[in-house]
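Within every chain, numbering begins at 1; the chains are lettered A, B, ... in the order of the sequence lines, protein sequences first and strands thereafter. Note that this is a predicted model, so its numbers are computed, not measured. Values below: every heavy atom of this structure, side chains too, minus hydrogens, waters and symmetry copies.
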Amino acid sequence: MGRGTRDEAAEGSRRMSQRRIETNQDLAELLSDVAVAYKIRGRNRFEAQAYESAAAGVEHATRNARELWQQGTLTEIPGIGKGIAGYLEELFRSGHVRHFEEVFAGIPEAVFDLVKIPGVGPATAQKLAGAGVEDLRDLEMKITSGGLAGKGFSAKALEKLGSGLGELQRRSGRLLLPAAERLAAELLVHLRGSGLVVAAEAAGSLRRRVATIGDLDLAAASERPADLIAHFATAPGVARLIESGPSAASVTLHSGVRVDLLTAPPHNYGALLHHFTGSKQHNIHLRAIARQRGLSISELGVLRLADGVVLPAATEDEVYDLLEMQTPPPELREDSGEIEAALAHTLPQLIEAAAIRGDCHTHTRWSDGANSMAEMVAACGALGRSYMVITDHSYPNLDFAARSRELDALRASNRGIRLIDGLEVNITSEGGLQVPDAILSRHEYCIGSIHSSFRQPREEMTARLLSALANPNINGIAHPTGRLINQREGIDADWGAVMAACLRHDKFLEIDGWPDRLDLPDGLVREAVRRGVKLVIDSDAHATDQLPALRYGVEVARRGWAGAANVLNTLPYEQFVQEAHVRLRD
DNA sequence: GCCGTTTTCGGCCCGACTGTTTTCAGTCG
């Protein structure tokens, strides 16, 4: 290793200057990389943990970190104190951080990719880079060609590297909620079919209802864990047993999805479920509070340190009761204020799916839907909705009058569900609307949405949204960020300005429940709730069988701390008409 | 490096599993 420090410093500097820090996600990745570098340098592990905690805080922050810095409120993000805030100040002012460059210096670039491989941490990554591995492709090549022979990796270690690499490549896109739910449901049926299970459910990010799921986590209560684990390994779809012990096992499915099963005796199931639901940051914070009270929480139960007695926790409520706090709903467990609220007994009453009375974004065959208007209305009524807005796309060549006549006829013949004649209208790249105001004003309700030019700079994009919000025919903005999960990033806009405009014009932002969208994302929902911006939760259904997807939107709302009062379509029809400014024709 | 019902110092979540230098470091959730 004959590299001089000047080269190394240049390398660290390149690493900083080549990355663009625009989103909180970018910043979180930078902070995570610093944590990796700290571990390699063998610094106090708590410093590395602090950077991980800061990364998680930034990732879950409801507002853009750069904006918070401009307002001098960066340290309001949990995990960011004076030290890191100082470095970020330097980052936002100059585009680089001297200290980070020094920390990165001399650590091969490959390390930060290699740590993404399951089973590879900072130490192994550094060892691999030291053995000449240049990147992920190079590692794959060297494994197959035997290029790592004699470099201190056993045959087993190489095999583990190979399968980890395969796993990483297979799961480039994370699972959407419906796919994760289906897989979990099949596996739970298999587990329950063994007769060895007292209780079993999905934990982890699926239980917290995160928009995308990496691994599936299953928790089970059983008196015979060893037999249950053997049974688990025979589940349909299992390709490989990764590891297994007396109380836990991990498998890979043929689809490449990793599934972890943890078991506990029924009297400790609450502690297990709590542990496995996470999030990691929630658990760390909660366990620190437990220590202050002479308790030690783990998946094995709650240990009273004074006398070594394990207190029973068959349910999660019992775990939280021991800390004299409310049980935060799983959707809130991101260590973003829910622990403080639960301790103060001031957790919000989150919206429930049953509170939704109307679906206000639906499509029919008049635009790109798969079903007729009558079919959509009947299916929506069958779900128990009391009103419905039909919002076909405003295709300029659409026979708007004929469509409205059909809707009026259905209105007359359907007493069970009230219908509203709406349109979804594209916001053009210049901030205009796809069809003239004369057409929009003949409809009772219009939602504006962005379906083109997704990559405009922030200023133009924000102006585009503000212009639409200023149009009196627009009631609110549908799927505001335009993101398609695993496919397309959301637009870049000044959401503070957009939300301020919503308040000024008394207009709403939609939470689109379609699992590929989940838009607004939960972080922005929380910001909207904080500011008092009205929300509407919709299915955006293009077929009758898509109408139930609205519930995924409710879950996003819950993750954003929304109660029923924040959501307009929990209101009875007459009040919804008033609050959403529906322009009834008669 | 963060943070405060032990509040500006002195702690920092906890256990399971793997591979192996067979007593522990590394990794994970």
Tell me the interatomic distance from [X], atom [atom1], to [N], atom [atom2], rounded to whole angstroms.
X       : N       : atom1 : atom2 : answer
I289(A) : dT6(B)  : CD1   : P     : 11 Å
N283(A) : dG29(B) : CG    : C1'   : 9 Å
I40(A)  : dA25(B) : CD1   : C1'   : 15 Å
F276(A) : dC28(B) : CZ    : C1'   : 10 Å
L218(A) : dG29(B) : CG    : P     : 14 Å
Y38(A)  : dG1(B)  : OH    : C1'   : 7 Å

Would you mind classifying the nucleic acid contact of D260(A) as base, sugar-phosphate or nothing, using non-hydrogen atoms under 4.0 angstrom?
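Sugar-phosphate contact only.
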Rounded distance in Å between the [atom1] positions of [N] and [M]:
N       : M       : atom1 : result
dT22(B) : dG29(B) : C1'   : 26 Å
dG11(B) : dT21(B) : C1'   : 32 Å
dC9(B)  : dC14(B) : P     : 25 Å
dC28(B) : dC13(B) : C1'   : 14 Å
dA25(B) : dT20(B) : C1'   : 10 Å

Within the 6.0 Å centroid threshold, strictly below: H190(A) and F232(A):
no
Treating primed atoms plus P, OP1 and OP2 as sugar-phosphate and everything else as base, which nucleotides of nucleotides 15-22 of chain B get B, S or - for protein heavy atoms under 4.0 Å?
SSSSSS--
Cation over ring face, R66(A) and F92(A), 6.0 Å, 45°
no
Within 45 degrees of the ring normal and closer than 6.0 Å to the centroid, is that where the cationic atom of K39(A) sits relative to Y51(A)?
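Judged by the rule, K39(A) and Y51(A) form no cation-pi pair.
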Contacts of R531(A) meeting side chain to side chain donor-acceptor pair (under 3.5 Å) (sequence neighbours excluded), chain-then-number -> E527(A)
With R551(A), which residues qualify under salt bridge (charged side-chain N to carboxylate O under 4.0 Å, His left out), at least two apart?
E181(A), E555(A)
Which value, rounded to the nearest 0.5 Å, describes the distance between E167(A) atom CD and R258(A) atom CZ?
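Interatomic distance, E167(A) CD to R258(A) CZ, rounded to 0.5 Å: 6.0 Å.
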What's the closest nucleotide to the side chain of R287(A) if the choices are dG1(B), dG29(B), dC13(B)?
dC13(B)
